[in-house]
Chemist: 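Take a look at the following structure, please.
Here is how names work: the chains are called A, B, and so on, in the same order as the sequence lines, proteins then strands, and each is numbered from 1. Just so it is clear, the structure is predicted and the values come from calculations on it, not from any experiment.
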2 protein chains.
Amino acid sequence: MDTLGATFAALSDPTRRLIVDRLTRGPAPVSELARPFAMSQQAISKHVAYLERAHLIQKRRAGRQHLCALNPAALRAVALWAESYRRVWEKNFQRLDALLEEMKTSKKRRRITRRASQ
Amino acid sequence: MDTLGATFAALSDPTRRLIVDRLTRGPAPVSELARPFAMSQQAISKHVAYLERAHLIQKRRAGRQHLCALNPAALRAVALWAESYRRVWEKNFQRLDALLEEMKTSKKRRRITRRASQ
DNA sequence: CGTATCCACAACCGTATGGTTGTATATTTT
DNA sequence: AAAATATACAACCATACGGTTGTGGATACG
């Protein structure tokens with residue numbers, strides 16, 4: 001998968017988003033990341049590996065512990081992607097919202113239009 | 001899956017991101033969304049359904065055509081999520097970057113430290 | 001009418017995900 | 001040296017993904 005796609009995929013899981021959330025408050029060993037979850041250590045280990053593959057975090061051995069830290073670059077890539085689109089939507093926002101509203105009421109509007117044109 | 005997770009999952013596929021990209025330039029029927037891809041109509045139909053399940057797009061029947069339009073709210077949710085984290089990272093950015101740099105060179109630093117301390 | 005067009009549903013296939021359990025490895029502790 | 005701790009690897013399972021082919025249902029066209 002492409003890099004951005006891997007990042008999105010990694011963030012699609014709620015457990016992994018909670019891990020990311022925890023790491024915004026500073027690095028932590030895997031055991032501490034696992035603590036809040038009712039899940040095996042191995043499951044968390046796999047989630048961490050997934051986040052690492054997506055370059056969202058980096059690990060470092062410190063004795064027996066494997067300290068994890070966020071990689072801000074990957075998160076920034078997501079923010080930049082979303083931001084780049086947000087500029088476009090904000091510009092067309094009223095137009096799109098109006099269109100969606102029209103879609104919802106299109107049947108009624110058509111009926112009215114037909115009646116009005118007779 | 002939770003809503004935000006579904007949105008991230010939908011955006012993890014490059015084909016679907018290209019479809020979203022196309023739709024930022026205005027609504028389009030499924031056939032037009034399918035045109036750029038070397039893929040069956042049914043495959044695109046499934047991608048569109050996936051995007052619709054994630055509330056990233058809305059569809060409207062217009063004769064034989066099914067017109068698709070972006071739902072700005074879902075995209076905005078992604079932008080807001082990423083933005084909320086960005087504030088945290090930006091604040092800690094130098095600190096985190098420094099930490100990651102230290103992680104990369106930790107072995108060397110340890111060796112030097114050990115040698116220096118002898 | 002019949003036919004072509006736009007689209008979705010269904011079944012299938014290979015692969016990945018998210019979890020489990022069991023086990024192995026490296027390190028610290030005693 | 002032995003035991004405990006922190007973590008990963010491997011095999012397994014059910015489910016979902018991303019694609020295919022085949023088919024059917026609306027709608028427009030001649």
Chemist: Determine the contact category for B/Q65: base if any of its heavy atoms lies under 4.0 Å from a base atom, sugar-phosphate if only primed atoms, P, OP1 or OP2 are that close, otherwise nothing.
Modeler: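 If one applies the 4.0 Å heavy-atom cut-off, B/Q65 turns out to touch the sugar-phosphate alone, with no base involved.
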
Chemist: Please evaluate the base of C/dG22 for a donor-acceptor partner in the side chain of A/Q42 within a cut-off of under 3.5 Å?
Modeler: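 Check passes, donor-acceptor contact within cut-off.
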
Chemist: When you check the phosphate oxygens OP1 and OP2 of C/dG18, does a side-chain N or O of A/R16 lie under 4.0 Å from one of them?
Modeler: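 Yes, such a contact exists.
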
Chemist: Could you report the tightest heavy-atom contact between A/L11 and A/R17, atom names first, then the distance?
Modeler: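 Shortest heavy-atom separation between A/L11 and A/R17 comes out as O-NH1, 2.7 Å.
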
Chemist: Of B/I44 and A/S12, whose nearest nucleotide on DNA chain C comes first from the 5' end?
Modeler: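 It is B/I44 whose nearest nucleotide is closer to the 5' end.
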
Chemist: In this structure, how many angstroms lie between the P atom of D/dA16 and the CZ atom of B/F8, rounded?
Modeler: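 Rounding to the nearest Å, CZ of B/F8 and P of D/dA16 are 21 Å apart.
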
Chemist: By the 4.0 Å heavy-atom rule, please label B/S31 as base, sugar-phosphate, or nothing.
Modeler: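 Touches sugar-phosphate only.
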
Chemist: Send over the distance from B/L18 CG to D/dG18 C1', rounded to a whole Å.
Modeler: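 Value for this atom pair: 15 Å.
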
Chemist: When you check the phosphate oxygens OP1 and OP2 of D/dA26, does a side-chain N or O of B/H66 lie under 4.0 Å from one of them?
Modeler: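 No, B/H66 has no side-chain N/O under 4.0 Å of OP1/OP2 on D/dA26.
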
Chemist: Compare side-chain N and O positions of B/S45 against OP1 and OP2 of C/dC7 and report whether any pair is under 4.0 Å apart.
Modeler: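 For C/dC7, neither OP1 nor OP2 has a side-chain N or O of B/S45 closer than 4.0 Å.
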
Chemist: When you compare the side chains of A/Y50 and A/D13, does any donor N or O come within less than 3.5 Å of an acceptor on the partner?
Modeler: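 No, A/D13 and A/Y50 have no side-chain donor paired with an acceptor closer than 3.5 Å.
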
Chemist: Give the rounded distance in Å between these two atoms: CE of A/M1 and C1' of D/dC17.
Modeler: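 Result: 10 Å.
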
Chemist: Can you see which heavy atom on A/A82 is nearest to which on B/V78, and at what distance?
Modeler: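 Answer, listing the atom of A/A82 first, then B/V78: CB-CG1, 4.1 Å.
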
Chemist: Is a donor-acceptor pair below 3.5 Å formed from side chain A/Q41 to base D/dA6, judging by atom type as modelled?
Modeler: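 Donor-acceptor pair under 3.5 Å: no.
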
Chemist: Identify whether the distance between the nearest side-chain nitrogen and carboxylate oxygen of A/R86 and B/E83 falls below 4.0 Å.
Modeler: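 Salt bridge flag = no for B/E83 with A/R86.
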
Chemist: Using atom CD1 of A/I57 as one end and atom P of D/dT7 as the other, report the distance to the nearest whole Å.
Modeler: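 Atom-to-atom, A/I57 to D/dT7, this comes out as 12 Å.
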
Chemist: Within the distance-only criterion (no hydrogens, no angle test), does the side chain of B/N71 pair as donor or acceptor with the backbone N or O of B/Q58 below 3.5 angstrom?
Modeler: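 A pair under 3.5 Å: no.
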
Chemist: Please give, in whole Å, the distance from C/dG19 C1' to A/D13 CG?
Modeler: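 In whole Å, C/dG19 C1' lies 11 Å from A/D13 CG.
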
Chemist: Among the nucleotides C/dG18, D/dT20, C/dC7, which one has an atom lying closest to any side-chain atom of B/A43?
Modeler: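 Comparing C/dG18, D/dT20, C/dC7 against the side chain of B/A43, the answer is D/dT20.
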
Chemist: Out of D/dG18, D/dC29, D/dA11, which nucleotide sits closest to the side chain of B/R64?
Modeler: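 Among D/dG18, D/dC29, D/dA11, the one nearest the side chain of B/R64 is D/dC29.
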
Chemist: Check the distance between D/dA10's C1' and A/K46's NZ and give it to me in whole angstrom.
Modeler: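 My rounded result for the distance is 10 Å.
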
Chemist: Taking the nucleotide of DNA chain C with the closest heavy atom to each, which residue, A/T15 or A/G63, is nearer the 5' end?
Modeler: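 Nearest nucleotide further toward 5': that of A/T15.
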
Chemist: Side chain of B/S40 only, please: which of D/dT21, C/dT20, C/dC7 is the nearest?
Modeler: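 Among D/dT21, C/dT20, C/dC7, the one nearest the side chain of B/S40 is D/dT21.
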
Chemist: To the nearest Å, give me how far apart CE (A/M39) and C1' (C/dG18) are.
Modeler: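 Distance, rounded to whole Å: 8 Å.
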
Chemist: If you take all heavy atoms of B/A54 and B/A6, which pair is closest and at what distance?
Modeler: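 Nearest heavy atoms, B/A54 then B/A6: CB-O, 3.7 Å.
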
Chemist: Between atom NZ in B/K59 and atom C1' in D/dA26, what is the gap in whole Å?
Modeler: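 Nearest whole value for this atom pair: 14 Å.
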
Chemist: Can you tell me if the side-chain N/O atoms of B/R61 get under 4.0 Å from OP1 or OP2 in D/dA26?
Modeler: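 No, no such contact exists.
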
Chemist: Can a side chain N or O of B/H47 be found less than 4.0 Å away from OP1 or OP2 on D/dC17?
Modeler: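 So the side chain of B/H47 is outside the cut-off, no N or O lying under 4.0 Å from OP1 or OP2 of D/dC17.
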
